[in-house]
Structure formats: structure tokens, C-alpha cells
Amino acid sequence: VYIVPTMCWVATIYVVRHLTSNLGINAAVVLFGEFFKVLLVIVLMLLSGRLFQGLNWLVFLSVLAVVMNSQFLLIFKK
């Protein structure tokens, strides 16, 4: 669920960077990308709830939180 919004955020940054190569990326672009990513995560979560009627929300949200924070595990990797 979380990889699709992240890839959309990266694509937004990539497209804006190449369209405005001389200006660079400003805070508004990053904020728009983050807003779009959060909105897409919410839509995908609601869609998952509708498609899978027996979805265990506690497990789903726990796994989502672990996946979102898994990048911090790379700090401890040597």
C-alpha cells in the first residue's frame, strides 16, 4: 500500500525537477508531494477496507506503521 504513494511522490519531484531545471525544487513542491502521498495512502487504505471485508485493521495498521518506519532500521545496519 505504501510503495505506490511513495513512487508517486518521487515521480512528482522528478518531473518538477526536470521541468524547472534552472530553478530547483522549493518547499512548495515537497509539500505538495507529501500532501498527495498522504491523500493517496488514505484512499488506498479505504479501498483496501472495501475490497477485503474481513480485514483485521489492527494488523493492517501495525504492518503499515512498521513498513513506513523501516527506513530507520537502516541506521543500525553496518
Could you see if L61 belongs to whatever hydrophobic cluster contains V43? Use Ile, Leu, Val, Met, Phe, Trp, Tyr and a side-chain cutoff under 4.5 Å.
no

For L51, check side chain to side chain contact (heavy atoms under 4.5 Å, CB included) against everything at least two apart and list the hits.
L47

Transitive ILVMFWY cluster of I42, excluding itself - 4.5 Å side-chain cut-off:
V38, L46

Is there a continuous path of hydrophobic side-chain contacts, each under 4.5 Å between heavy atoms, that joins F60 to F52?
yes

Under the side chain to side chain contact (heavy atoms under 4.5 Å, CB included) rule, collect the residues that match up with V59, sequence neighbours excluded.
N56, V63

Search all heavy atoms of M45 against all heavy atoms of W57 and return the closest pair with its distance.
O-CH2, 3.4 Å

